[in-house]
Protein chains: 2
Amino acid sequence: MPRRKTTPAVPTRDRILEATAQLMRRKGYTATGLKEIVNVSQAPFGSVYHFFPEGKEQLGAEAIRVAGRQYNALVAGFFDGAPDVVDAVRDFFDTAAEVLRQTDYEDACPIATVALEVASTSETMREAAAEAFESWITDATRYFEASGVGSDRARELAVLAFMLLEGAFLLCRTWKSTEPMEIAGRFAVRAAHDLTQPEASSPVPQPPRRRRAARAAQ
Amino acid sequence: MPRRKTTPAVPTRDRILEATAQLMRRKGYTATGLKEIVNVSQAPFGSVYHFFPEGKEQLGAEAIRVAGRQYNALVAGFFDGAPDVVDAVRDFFDTAAEVLRQTDYEDACPIATVALEVASTSETMREAAAEAFESWITDATRYFEASGVGSDRARELAVLAFMLLEGAFLLCRTWKSTEPMEIAGRFAVRAAHDLTQPEASSPVPQPPRRRRAARAAQ
DNA sequence: GTCTATATCTCGATAGAC
DNA sequence: GTCTATCGAGATATAGAC
């Protein structure tokens, strides 16, 4: 029985953005070609310039914003409803390590590679990355504040966790090892612990906790 | 008076490598063209393939090794002869922030951008980056060990400092602000202090120390 | 809005005179 | 070893039928 070509569930524009974000995550901005993007997204070439008339740079900036929002949602998934923020932090780093292993060290930060590439060459894209990072850190700051950490220290802790995560992503991908992520996670957990439970007299090492139910991959 | 064309002080091969390393540091691997490299290095185009017969990938890998060795020397400059390692760590992060400001956030890690770009696309270059990072961390580990920190903890501290530095580089370049580097430096100093002077009863915050004489830019 | 064909440019790489 | 000319492939971008 002949089947009519159906309307795709995901609109063309969204498929293009999704493919762009995925490819930029793995290879960066410059190495990601428009031809490859239309191949992966199963979109007609002309649609790229229909939806993004300013070309590759506009598409790249939009893809950064999309990836940024997705990561906001991911972060929220770890913190919302977690027993406490320290558990959420531990869980987040553990899962990041697991995703690295499962994807052969391809899926790390969706923005970092591009951010470094364009920091000195495209103000448009640099600003998109800057806003995405700011949004992640602002969200994390609120979660720490909600646990009773003062505003200034909460933001410092969020920035610290971000830097540890990104530094670990770089070293894990380069070494093809998750050991750096484990070290980063331990320090992030310790810092979060020290700020959220300053009264604890004896910092007894916590046994590893069982993780919550599976969630969307990072 | 007619002047004879003089032999350049720096050999062609070295000029090519230097230009490649500099351009890759600012824009990454893919965005750095061979034409641009020969322009900057004032070298004939054919010399690139004379000295690097396997082409751009070989040149990129060599440039990573060169940049890696330069950074080894830079690290040594901070630790050798420093009053103690905690001062060296503080000094290093302070100087990194200063270099970022002075170069309008162009000169950060000479390898990180390329490492992320090629982690999933060029095993040759990934390995070069992995060895460079390993060398930096091995050196730092030795400095911490020399201050009495046990081997395992010394290496953990070196990895931690590396990740903080790299995470800060990313955020500083993207935000065009050195605030993240200052936060990273404070945590790195605290971690180094806690491990090298565990007996200190009251961790009184140290006043900022005067920096040692100027040294080569990072 | 969708899609194909193609224009134009720049890339990495090569050949060969000197 | 130096340098120029040029190749073929790939890139981004555009034109225009449907």
Side-chain angles (χ1 to χ4, degrees), chain A residues 3-24 26-64 113-114 117-118 121-122 124-125, chain B residues 3-24 26-64 113-114 117-118 121-125 128:
Chain A
R3 187 178 307 203
R4 185 176 306 168
K5 201 175 174 186
T6 57
T7 304
V10 181
T12 301
R13 185 187 147 93
D14 294 340
R15 292 204 315 279
I16 292 172
L17 282 172
E18 200 61 45
T20 305
Q22 179 202 324
L23 289 166
M24 292 201 312
R26 289 167 157 74
K27 318 194 304 181
Y29 173 72
T30 314
T32 296
L34 296 183
K35 295 235 173 74
E36 200 177 0
I37 290 171
V38 301
N39 274 352
V40 171
S41 60
Q42 293 284 10
F45 191 90
S47 295
V48 172
Y49 284 90
H50 173 72
F51 291 113
F52 308 94
E54 289 162 50
K56 193 187 182 189
E57 197 174 1
Q58 182 191 2
L59 172 57
E62 291 279 354
I64 287 173
T113 310
V114 176
E117 276 183 280
V118 303
T121 57
S122 164
T124 305
M125 295 184 67
Chain B
R3 188 177 304 205
R4 186 175 307 170
K5 200 173 171 186
T6 58
T7 304
V10 181
T12 301
R13 185 188 146 93
D14 293 340
R15 292 205 315 280
I16 292 172
L17 282 171
E18 202 59 47
T20 305
Q22 178 202 325
L23 289 166
M24 290 200 313
R26 289 167 159 73
K27 318 193 306 181
Y29 173 71
T30 314
T32 297
L34 295 182
K35 299 237 170 75
E36 199 177 0
I37 290 171
V38 301
N39 274 353
V40 171
S41 61
Q42 294 283 11
F45 191 90
S47 296
V48 172
Y49 283 90
H50 174 72
F51 291 113
F52 308 95
E54 288 162 50
K56 193 188 182 186
E57 197 174 0
Q58 182 191 3
L59 172 56
E62 290 280 353
I64 288 174
T113 309
V114 176
E117 276 183 280
V118 303
T121 58
S122 164
E123 197 62 8
T124 305
M125 295 184 67

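Reminder, nothing fancy here: chain letters follow the sequence lines and each chain counts from 1.
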- Message: Once side-chain hydrogen bond (donor to acceptor under 3.5 Å, both in side chains) is applied, do any residues pair with A:S47, and if so which ones, sequence neighbours excluded?
- Response: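 side-chain hydrogen bond (donor to acceptor under 3.5 Å, both in side chains) list for A:S47, sorted by chain: empty.
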- Task: Using the test side-chain hydrogen bond (donor to acceptor under 3.5 Å, both in side chains), find all partners of B:E18 that sit at least two apart in sequence or belong to another chain.
- Result: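 Applying side-chain hydrogen bond (donor to acceptor under 3.5 Å, both in side chains) to B:E18 gives B:Q70.
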- Item | Sugar-phosphate, base or nothing in reach of A:G46, heavy atoms under 4.0 Å |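 A:G46: base contact, heavy atoms under 4.0 Å.
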- Task: Using a heavy-atom cut-off of under 4.0 Å over every strand shown, decide if B:T32 touches base, sugar-phosphate, or nothing.
- Result: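 Result for B:T32 = sugar-phosphate.
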- Item | Sub-4.0 Å heavy-atom contacts from residues 52-64 of chain B onto DNA chain D, ordered by number |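 Contacting residues: none.
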- To the nearest Å, give me how far apart NE2 (B:H50) and P (C:dT14) are.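 Nearest whole value for this atom pair: 15 Å.
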- Task: To the nearest Å, give me how far apart CZ (B:F45) and P (C:dC18) are.
- Result: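 That distance rounds to 21 Å.
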- Message: Quick check on D:dT2: is either OP1 or OP2 less than 4.0 Å from any side-chain nitrogen or oxygen of B:T12?
- Response: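 So the side chain of B:T12 is within the cut-off, an N or O lying under 4.0 Å from OP1 or OP2 of D:dT2.
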- Message: Just N and O in the side chain of B:Y49: are any of them under 4.0 Å from OP1 or OP2 of C:dA13?
- Response: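 Answer is yes, contact under 4.0 Å.
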- Message: Going by side chain to side chain contact (heavy atoms under 4.5 Å, CB included), name the residues that satisfy it together with B:D14, two or more places apart in sequence or in a different chain.
- Response: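 Residues passing side chain to side chain contact (heavy atoms under 4.5 Å, CB included) with B:D14: B:V10, B:P11.
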- Among pairs that include at least one residue of residues 29-51 of chain B, which meet salt bridge (Lys or Arg N to Asp or Glu O under 4.0 Å), considering only residues two or more places apart or in two chains?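 Pairs touching residues 29-51 of chain B that pass the test: B:K27-B:E36.
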- Item | side chain to side chain donor-acceptor pair (under 3.5 Å) contacts touching residues 51-63 of chain A (sequence neighbours left out) |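 Of all non-adjacent pairs touching residues 51-63 of chain A, those that pass side chain to side chain donor-acceptor pair (under 3.5 Å) are A:E57-A:S122.
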